[in-house]
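Data first, discussion second: the structure below is written as structure tokens.
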Amino acid sequence: MKQERRKWVNATSAYALLHIVCWGFYAVTMGFSSNVLHGFGFTDSKISVFLGTCTALSCVAQLVLAEVVSRGGRWKLWKILTGMGGMILAGNLLLLLPGVPRVGKELGLGISILLLLLLPALINAVGMEAIHRGSPTNYSIARGIGSLGYSILAFATGTLVRLRGLNMVAMMGALCAVALAAGAVWYHLAGEQDLSKPIVAEQQETEGSFLRKYPLFTAFLLGSVFLQYSHNLVSNFLYQIMVTKQGSAQEQGIASAICAFVELPVMFGFPLLAKKCKVSHWVIFSGLFMAAKPVGLLLAATPGGIYLAQATQMLGYGLYVISSVNYGEQVAGSGDSVRAQSYLGAACTLGNLLAMSSGGFLCQHFGVPVMILVSLGAALVGGIVTLFTARDAK
């Protein structure tokens, strides 16, 4: 019994580190990307072009990786994650090293953003695949600790940027990159090394047939794109929102920390929630509730109002993230686990792409309130699509 508990603690701790790093990157690099790019002299429209290009390349890479990994072979997820940690470290060092021309720093930031956008799907996939094979990993606890890590890193980065300048964004990103490589190796040793071999989908099912095989899930993914667009629009351009409410980088960090901190109850408690109500029902509820955040941001007049709007993320995006991962796992058949998580990740990346490409343009040419209204409209569309497409898995 004690040995089994040690295995559970070791595997879950290693997987929790991966989630801390994954969402820590979003708190540090993505959350403060607008600040860094403004420091390079970018306008809001140019920021959209830069971030949109990175996200488009990441979306393509996501689908390619999904097919490569699903076919098995030498491309193991933990090796890919370790390599990505090294590449993100190199990108952040380009931002930190003196004498690097601005184009080199822009390249370093672009590489980091492109790769970190791949992380949620890959980390979800490595954990779900291991759990399928008998790993003692607890996904809910690990994901909850990841949200706690986001909260701490968002607050710390906002404070460090105010005290020490924008170089702190790259410094924190470099530390996360080292932790990513270490966490990938640790989880391989603690959570999946001695398990049965993974199930590999048959060849005839790997070439574009996944979406045809699960047509309702395909429609569900469309709703996910709208919801991710809504969420990322106000999250990635939180700096612009905060400026209109007389806030600074420190208030921006506090606001980002709040939205992650309030997710903790649903992250840790989701196994209990899943027993009380079907996963598909939680997906629908959270998808519809995501409209509450942009409504709160529209009504906010001060940073304090933004803090209150961020708190709605507990029953909105926070609940949607963990319930959609579990829903995808239930819907996908044996051997399709990695692909289901990858398509969910691709929907997230596509929503991110649309948000990155349009957010700066909307802010610069139409104003921040219009951007928030667009976020609200997307949340309503995504919630309605989810209402009609999320069904119980058989």
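Panel note: side chain Thr82, backbone Ala184; no donor-acceptor pair is recorded below 3.5 Å. The backbone N or O of Phe32 lies less than 3.5 Å from no partner atom in the side chain of Gln252, so there is not a single donor-acceptor pair. The main-chain N or O of Val321 is found under 3.5 Å from a side-chain atom of Ser324 such that the two form a donor-acceptor pair. A donor-acceptor contact shorter than 3.5 Å links the side chain of Thr312 to the backbone of Ala309. Using a distance-only test at 3.5 Å, with no hydrogens or angles considered, no donor-acceptor pair links the side chain of Asn10 to the main chain of Arg6. Of the possible polar contacts, one joining the Gln364 side chain to the Ser45 backbone as a donor-acceptor pair under 3.5 Å is found. Side chain of Lys293 to backbone of Gln313: no donor-acceptor contact under 3.5 angstrom is found. When atom types are taken as modelled, the side chain of Thr137 and the backbone of Thr12 share no donor-acceptor pair closer than 3.5 angstrom.
Looking only at side-chain heavy atoms (C-beta outward), Phe270 and Ser323 come within less than 4.5 Å of each other. The closest side-chain heavy-atom distance from Asn236 to Tyr26 is not below 4.5 Å. Side-chain contact between Leu122 and Met84 is present, with at least one heavy-atom pair separated by less than 4.5 Å. Residues Ser48 and Met356 fail the side-chain proximity criterion, which asks for heavy atoms closer than 4.5 Å. Looking only at side-chain heavy atoms (C-beta outward), Val325 and Ile322 stay at 4.5 Å or farther from each other. Met371 places a side-chain heavy atom less than 4.5 Å from the side chain of Leu233. In this structure, Val169 and Asn35 have side chains that are not in contact, with every pair of non-hydrogen atoms separated by 4.5 Å or more. Within the 4.5 Å cutoff, no side-chain heavy atoms of Arg391 are placed close to those of Ser280.
Side-chain contact check for Tyr317 and Glu263: no donor-acceptor pair (N or O, by modelled atom type) lies under 3.5 Å. Between the side chains of Asn326 and Trp282, no donor-acceptor pair of N or O atoms lies under 3.5 Å. Between Tyr343 and Thr218, the side chains place no donor N or O within less than 3.5 Å of an acceptor N or O (distance only, hydrogens not considered). For the residue pair Asp44/His365, the side-chain donor-acceptor check at 3.5 Å is not satisfied. Side-chain atoms of Tyr320 and Ser224 form a donor-acceptor pair, as typed in the model, at a separation below 3.5 Å. If you check the side chains of Tyr229 and Ser358, you find a donor sitting under 3.5 Å from an acceptor. Side chain to side chain, Thr29 and Ser112 fail the donor-acceptor criterion of an N or O pair below 3.5 Å. Using a 3.5 Å distance cut-off with no hydrogens or angles, the side chains of Glu329 and Asn124 do not pair a donor with an acceptor. For Ser135 and Glu192, the side-chain atoms include no donor-acceptor pair closer than 3.5 Å.
Val243 and Val234 end up in different hydrophobic clusters when Ile, Leu, Val, Met, Phe, Trp and Tyr side chains are linked at under 4.5 Å. There is no path of hydrophobic side-chain contacts, each under 4.5 Å, that joins Leu387 to Leu221. Cluster membership check: Ile372 shares its hydrophobic cluster with Leu299, using side-chain heavy-atom separations under 4.5 Å among Ile, Leu, Val, Met, Phe, Trp and Tyr. In terms of hydrophobic clustering, with Ile, Leu, Val, Met, Phe, Trp and Tyr side chains grouped at heavy-atom distances under 4.5 Å, Leu148 and Val28 are assigned to different clusters. By the criterion of side-chain heavy atoms lying less than 4.5 angstrom apart, applied directly or through intervening Ile, Leu, Val, Met, Phe, Trp or Tyr residues, Leu160 is not grouped with Tyr239; the two fall into different hydrophobic clusters.
A distance of 14.0 Å separates NZ in Lys46 from CG in Leu51, rounded to the nearest 0.5 Å. If you take CD1 on Ile123 and CG on Leu118, they are separated by 10.5 Å, rounding to the nearest 0.5 Å. The distance from atom SG of Cys22 to atom CG of Leu180, rounded to the nearest 0.5 Å, is 8.5 Å. Between Ile306 atom CD1 and Ser256 atom OG the span is 10.0 Å, to the nearest 0.5 Å. To the nearest 0.5 angstrom, Leu109 atom CG is 10.5 Å from Leu94 atom CG. Between the CD atom in Gln246 and the CD atom in Glu251 there is a gap of 10.5 Å [rounded to 0.5 Å].
Across all non-hydrogen atoms, the minimal contact from Tyr15 to Ala142 is CD2-CB, 3.4 Å. Of all non-hydrogen atoms in Leu17 and Gly183, the two that sit nearest each other are CD2-CA, 3.6 Å. Here the closest non-hydrogen pair linking Cys176 and Leu153 is SG-CD1, 4.1 Å. Across all their heavy atoms, Gln240 and Cys363 have their closest contact at CB-SG, 4.1 Å. Nearest heavy-atom pair across Ala174 and Asn92 is N-CG, 3.7 Å. Closest approach of Tyr187 to Ala130, counting heavy atoms only: OH-CB, 3.4 Å.
Other residues, nucleotides and ligands contribute over 12 non-hydrogen atoms within 6.0 Å of the NZ atom of Lys245. With a 6.0 Å radius and a threshold of 12 heavy atoms from other residues, nucleotides or ligands, Phe50 has its CZ atom above the threshold. Annotation: Arg102, atom CZ; neighbour count of heavy atoms from other residues, nucleotides and ligands within 6.0 Å is above 12. Environment of CZ in Phe42: crowded, with over 12 heavy atoms of neighbouring residues, nucleotides or ligands closer than 6.0 Å.
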Could you go through Val262 and Gln310, starting from their C-alpha distance and side-chain angles, then the distance that decides it, and tell me whether this counts as side-chain contact (heavy atoms from CB on, under 4.5 Å)? CA-CA 9 Å; Val262 298; Gln310 294 288 80; over 6 Å; no
Hey, mind stepping through Leu319 and Met314 against side-chain contact (heavy atoms from CB on, under 4.5 Å) and telling me if it holds? CA-CA 6 Å; Leu319 180 57; Met314 177 172 64; over 6 Å; no
Stepwise side-chain contact (heavy atoms from CB on, under 4.5 Å) test for Ile47 and Phe237: CA-CA 10 Å; Ile47 289 174; Phe237 293 91; 4.3 Å; yes
With side-chain contact (heavy atoms from CB on, under 4.5 Å) as the criterion, how do Phe261 and Leu264 come out once you've worked through the C-alpha distance, each side chain's angles and the decisive distance to 0.1 Å? CA-CA 6 Å; Phe261 186 77; Leu264 297 180; 3.8 Å; yes
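Between Tyr150 and His19, a ring centre-to-centre spacing not shorter than 6.0 Å is recorded. You'll find the ring centres of Phe220 and Tyr327 inside the 6.0 Å limit.
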